[in-house]
Amino acid sequence: MPLPVNLAVFISGGGSNLQSLIDAAKAGRLSAKIVLVVSSRADAFGLERARREGIDSVVYRAKDYPNPEEAEAELLKILEQYKVDFIALAGYMKMIPATVIKRFIDKITNIHPALLPKYGGKGMYGHFVHEAVLASRDKESGATVHLVDEIFDHGKILMQERVPVIPGDTPESLAERVLKVEHEIYPLALEQLIRGEFGNG
Ligand code: GRF
């Protein structure tokens, strides 16, 4: 695939991982042009980040459509319009429809704030993850970049980075430590995926 590839980033919130991808692309560390930001919420701060960078964005909510089929068709249409090659989920809180996963097989990534397969799956997001890690008295946590398949937090793990759990940690302090490594590994893993270095493509 010719570089840079066209990347869509899906968000639902603050978009600090979106920012790390924007920064990496600008610095030439990520061979991608971020052509579109898709947000499941109209009030996501990540939309403001896109605006500042002159990146097109759409608010996409499946519930705005009469039925799931029309919602999926519309999402596929938008992705085709922007000639999207890869999709990076960055704090996106909704499921990706099966038709989109099939169309972008091995080209959708997600970042998760724990060492998958531990602390993944339904209900394991945001502070719930860090609370669960602290409650289990684990000595370490970390971040995971993985491919997205039809099962939540399940696809092939591409990259992980560990951080220590420190005595006295709160979910917030642990989240902050993990987020820092998320910002480091997401662009790295994505770059390797784009270059076919995981045996893909
Ligand atoms: C991150 O912790 C990410 O791992 C999880 O959601 C959070 C998103 O943060 N999937 P941000 O919106 O990128 O700041």
Side-chain angles (χ1 to χ4, degrees), residues 7-27 29-30 32 34 36-53 55 57-61 86-96 100-101 108-134 138 140-165 169-191 193:
L7 177 68
V9 182
F10 282 40
I11 61 163
S12 297
S16 68
N17 278 289
L18 164 65
Q19 191 67 52
S20 87
L21 297 176
I22 292 172
D23 294 346
K26 278 188 178 171
R29 287 183 283 115
L30 179 62
I34 302 173
L36 181 67
V37 169
V38 176
S39 176
S40 64
R41 296 179 57 132
D43 61 354
F45 180 69
L47 287 170
E48 175 59 26
R49 296 181 192 270
R51 220 165 285 135
R52 285 181 193 165
E53 303 288 337
I55 301 170
S57 61
V58 291
V59 175
Y60 170 79
R61 286 177 298 231
F86 284 83
I87 296 172
L89 309 184
Y92 188 64
M93 300 292 287
K94 299 285 177 192
M95 285 298 278
I96 298 294
V100 176
I101 292 175
I108 309 178
T109 54
N110 182 41
I111 180 122
H112 186 78
L115 296 172
L116 290 176
K118 285 173 99 178
Y119 309 110
K122 216 171 158 42
M124 274 296 171
Y125 61 88
H127 63 97
F128 295 112
V129 174
H130 306 296
E131 280 163 12
V133 171
L134 292 177
D138 285 7
E140 56 181 14
S141 187
T144 302
V145 180
H146 65 95
L147 289 176
V148 171
D149 63 15
E150 285 165 39
I151 305 169
F152 228 73
D153 293 333
H154 169 269
K156 180 180 168 187
I157 291 174
L158 301 179
M159 196 175 282
Q160 291 187 310
E161 175 85 28
R162 289 158 194 279
V163 302
V165 175
D169 257 339
T170 61
E172 292 74 28
S173 64
L174 181 57
E176 197 184 316
R177 197 171 310 123
V178 171
L179 196 59
K180 227 177 250 164
V181 303
E182 291 184 38
H183 297 160
E184 289 165 17
I185 67 169
Y186 209 3
L188 277 177
L190 209 46
E191 176 67 4
L193 183 74

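Numbers here simply count residues along the sequence, with the first being 1. Atoms within a ligand are numbered from 1 in the order they appear, just like the ligands themselves.
Residue-to-ligand polar distances place Gly15 within reach of ligand 1: an N/O pair is separated by less than 3.5 Å.
A salt bridge links Glu48 with Arg52: the distance from a Lys NZ or Arg NE/NH1/NH2 to an Asp or Glu carboxylate oxygen falls below 4.0 Å.
Among protein heavy atoms, atom 13 (O) of ligand 1 sits closest to Asn17 N, 2.8 Å. Of the protein's heavy atoms, Glu182 OE1, 2.7 Å lies nearest to atom 4 (O) of ligand 1. Protein heavy atom closest to atom 10 (N) of ligand 1, with residue, atom name and distance, is Ile111 O, 3.0 Å.
Closest to atom 14 (O) of ligand 1 by heavy atom, among Ser16, Gly91, Ser12, is Ser16.
Close contacts between ligand 1 and Gly14 involve ligand atoms 12 (O) [criterion: under 4.0 Å to a heavy atom].
With sequence neighbours excluded, the residues that form a salt bridge (charged side-chain N to carboxylate O under 4.0 Å, His left out) with Arg177 are Asp169.
Of the listed residues (Glu182, Gln160, His112), just one forms a side chain to side chain donor-acceptor pair (under 3.5 Å) with Thr144, and that residue is Gln160.
Looking at Ser12, its side chain does come within 3.5 Å of a backbone N or O of Met93 through a donor-acceptor pair.
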What verdict does the side chain to side chain donor-acceptor pair (under 3.5 Å) test give for His183 and Ser16, after you've listed the backbone C-alpha separation in whole Å, the side-chain angles of each residue and the deciding distance to 0.1 Å? CA-CA 8 Å; His183 297 160; Ser16 68; 2.8 Å; yes

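Inter-residue side-chain proximity for Ile111 and Ile185 is flagged as met; some heavy-atom pair is nearer than 4.5 Å.
Ligand 1 has no atom lying under 4.0 Å from any heavy atom of Ile11.
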